[in-house]
Amino acid sequence: MHDIRAIRDNPAAFDAALARRGLPPQAADLLALDEERRAKILAAETAQAAQNAASKEVGAAKAKGDTAEFERLRALVAEKKAEVARLTEEAAAEDARLRDLLLMIPNAPLPDVPDGPDEDHNVELRRWGNPRNFAFAPREHFEIPGVKPGMDFATAAKLSGSRFTVLRGAVLRVHRALGQLMLDTHVNEHDLTETWTPVLVRPEMMLGTGQLPKFAEDSYETTNGWWLVPTSEVTLTNTVNGEILDEAALPIRMTALTQCFRSEAGSAGKDTSGMLRQHQFEKVEMVSITTPETSRAEHDRMTGCAEAILQKLGLPYRVIVLCTGDMGFGATRTHDLEVWLPGQNKYREISSVSVCGDFQARRMNARYRPQGGGKPEFVHTLNGSGLAVGRCLIAVLENGQQADGSVELPAALHPYLGGKTRITAEGALA
RNA sequence: GGAGUGGUGGCCGAGUGGUCGAAGGCACACCCCUGCUAAGGGUGCAGGCGGGAAACCGUCUCGAGGGUUCGAAUCCCUUCCACUCCGCCA
């Protein structure tokens, strides 16, 4: 959420930021509403002050036994009270209107984010690793003979419908190993605190991180008003919702392995084969809570944490910075990691690492008290996948596939597989 | 699901109709003393909103919403949440 005072101070900068997102200017409308709102507040508070003053006099009049004056003041208070009630209600309504509008406006891109309308204008920052040369036509993950017995879409469709997968045996073991490898790496080597959270949350939390109110159709709501998290960014980030933290406690670095639930509304026809795009998937998430001064450096650090996983697995990838038109709602800058999928012969997103500035913090009212005292300030928040486990499984399978239908697994996984190194063409761990 | 208790400032914790935005403690900041490793003293220190160049002023907030009253953290209603006991249960 944007700070209305910042918009007041520099409306042109605000509209320029919107323009970079491909949105029409809104500062004038917002500020007009803000004017109205402040006028209402002033009127309401002036009336309130009058009522309070009269109230005090009432007490004095009563103490003196001045009945006439007492009754006169009583009437005055009653009159003011009605006026106050009307004006405060109007002021609150203006305030809510303004807030509702602000909640729907995306974050401003940082200056060094490339401009562009869509993903074609994203900029590649670097590549790591070289795609294998296959002496045969590499298959997509769900076509690999050794994978097929462990990846059952028909049964999943019976149970739940499309965009679900049933995993079994060796493939599932690799899936589980990947999650463990990621968590261990982040905990042991990156100093993140492993955290286990609910996946059902109150709507206020979804509002805090920005999924609500604008993107309600992308997530699932339960019959009693909980929401299934589309990412544990929601729970990890909202752990500081409403808090005033000591600066000394920052940065707070968390990681979690959770189920994620997305309705994938609007993605009909996209990635319908395999388990690339699912309604339910597993993801290791990273979240950092920092001061404003350190959030940019933290962004690079977090990007590195995600890259480390792909490097351990020997999976070729590239890092891109999303252009203004492709960035998510709450981000000021986003790095996507795209892993090489030989079956598709392209790089596909496997991680997205964003620095959100104080955008989410303002929604959550999450602050810290600066060292040396002073007023609380909003924290900065960052989140990133480290990594999407299902997509990582796909990458491991496709990159490790052999001509005979078996899959060679990365050495980093072997300890998590009881020393086994491959999936046979028949689907067994060996 | 049944019965009960409770929600106060960054934290802990007093406060049961007016003099309370709120004692005390902790934490934190600055200063003094001491002189050395969980010593002492002093001062300051809730947050939001609005006005103001600023000093500062106004206003709201004691989970939330509503009510009683001239006046509510304190009384009443509703609601949310937490905890305890019982029941059920992975």
Side-chain angles (χ1 to χ4, degrees), chain A residues 1-9 30-103 196-208 222-227 235 238-250 252 259 289 291 358 361-379:
Chain A
M1 187 165 68
H2 288 271
D3 180 3
I4 187 63
R5 279 170 299 195
I7 300 173
R8 215 183 289 153
D9 291 344
L30 291 169
L31 290 180
L33 190 52
D34 181 46
E35 287 281 337
E36 279 183 54
R37 165 182 154 270
R38 284 189 292 162
K40 292 287 186 201
I41 289 171
L42 189 57
E45 291 189 351
T46 303
Q48 183 68 254
Q51 186 197 327
N52 289 347
S55 284
K56 273 190 183 164
E57 293 177 44
V58 168
K62 186 167 192 180
K64 271 192 287 182
D66 188 341
T67 315
E69 180 69 356
F70 175 72
E71 289 304 333
R72 186 187 73 79
L73 288 166
R74 249 182 84 153
L76 180 61
V77 167
E79 180 190 319
K80 284 292 170 190
K81 196 172 173 179
E83 190 182 341
V84 167
R86 178 174 59 79
L87 289 168
T88 52
E89 191 178 331
E90 289 175 9
E94 296 285 353
D95 204 60
R97 273 177 67 198
L98 182 62
R99 179 176 166 82
D100 287 347
L101 287 177
L102 289 172
L103 284 173
W196 190 86
T197 68
V199 295
L200 288 166
V201 298
R202 307 176 197 282
E204 293 83 6
M205 304 301 118
M206 296 282 280
L207 187 129
T222 67
T223 52
N224 63 343
W226 282 327
W227 290 75
T235 45
N238 277 290
T239 55
V240 299
N241 188 310
E243 299 288 327
I244 298 180
L245 305 158
D246 285 335
E247 182 174 353
L250 304 177
I252 298 171
Q259 302 287 328
I289 312 295
T291 62
D358 62 8
R362 186 168 279 110
R363 287 170 163 255
M364 296 188 298
N365 197 26
R367 293 165 295 172
Y368 74 99
R369 197 177 295 280
Q371 227 136 29
K375 292 278 182 188
E377 293 178 26
F378 289 112
V379 297

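Being a predicted model, the structure only gives us computed values, none of them experimental. Each chain gets a letter, A, B and so on, in the order the sequences are listed, and its residues count up from 1.
Shortest non-hydrogen contact noted between A/M364 and A/N241 is O-OD1, 3.1 Å. Residues A/E36 and A/R97 come closest through the heavy atom pair OE1-NH1, 4.3 Å. When every heavy atom of A/L102 is checked against every heavy atom of A/M1, the shortest pair comes out as CB-CG, 3.9 Å.
Nucleotides B/U5 and B/C89 are separated by 28 Å at their P atoms, to the nearest Å. Taking atom P on both nucleotides, B/G67 is separated from B/U74 by 14 Å, rounded to a whole Å. Taking atom P in both B/A23 and B/C45, one finds a spacing of 11 Å when rounded to whole Å. The gap from the C1' atom of B/A22 to that of B/U37 amounts to 37 Å, rounded to the nearest Å. Taking the C1' atom of each, B/C32 and B/G17 are spaced 44 Å apart, rounded to whole Å. The same atom, C1', is picked in B/G21 and in B/G15; the two are 13 Å apart, to the nearest Å. Comparing the C1' positions of B/A54 and B/G6 gives an interatomic distance of 45 Å, to the nearest angstrom. The separation of B/C26 from B/U43, taken at their P atoms, amounts to 14 Å, rounded to a whole angstrom.
Scanning for side-chain contact (heavy atoms from CB on, under 4.5 Å) contacts around A/E204 gives A/R202, with sequence neighbours left out. Applying the side-chain contact (heavy atoms from CB on, under 4.5 Å) rule to A/R38 yields the partners A/R8, A/D34, A/E35; only residues at least two apart in sequence or on another chain are considered. By the side-chain contact (heavy atoms from CB on, under 4.5 Å) test, A/T223 is found to be paired with no residue, residues two or more places apart in sequence or in another chain being considered. Evaluation of the salt bridge (Lys or Arg N to Asp or Glu O under 4.0 Å) rule for A/D3 yields A/R5, A/R362 as partners, not counting sequence neighbours. For A/E90, the side chain to side chain donor-acceptor pair (under 3.5 Å) criterion is met by A/K40, not counting sequence neighbours. With sequence neighbours excluded, the residues that form a side-chain contact (heavy atoms from CB on, under 4.5 Å) with A/L42 are A/T46. A/T291 pairs by the side chain to side chain donor-acceptor pair (under 3.5 Å) definition with A/E293, A/T294, not counting sequence neighbours.
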Would you mind writing out the side-chain donor-acceptor pairs for residues 369-379 of chain A within the sub-3.5 Å range, not counting sequence neighbours?
from   : atom 1 : to     : atom 2 : distance (Å)
A/R369 : NH1    : A/G374 : O      : 3.4
A/E377 : OE1    : A/Y368 : OH     : 3.3

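Of the residues near RNA chain B, A/Q371 and A/R202, the one whose nearest nucleotide (by heavy atom distance) lies more toward the 5' end is A/Q371.
Between the CG atom of A/D246 and the P atom of B/C45 there is a distance of 19 Å, given to the nearest Å. In this structure, CD of A/E204 is placed 11 Å from C1' of B/C81, rounded to the nearest angstrom. Following rounding to the nearest Å, A/L245 (CG) and B/C11 (P) show an atom-to-atom distance of 10 Å.
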Per-nucleotide protein contact string for nucleotides 47-58 of chain B, where B marks a base within reach and S marks sugar-phosphate only (heavy atoms under 4.0 Å, - for neither): SSBSS------B
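When base pairs are accepted only as Watson-Crick or G-U wobble with both N-N or N-O distances under 3.5 Å, RNA chain B takes part in stems of 3 or more pairs at B:1-7 with B:80-86, B:10-12 with B:24-26, B:28-32 with B:40-44, B:46-51 with B:56-61, B:63-67 with B:75-79.
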Sub-3.5 Å pairs of nitrogen or oxygen atoms, protein against nucleotides 6-8 of chain B:
none

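Screening residues 238-249 of chain A for salt bridge (Lys or Arg N to Asp or Glu O under 4.0 Å), with sequence neighbours left out, gives no hits.
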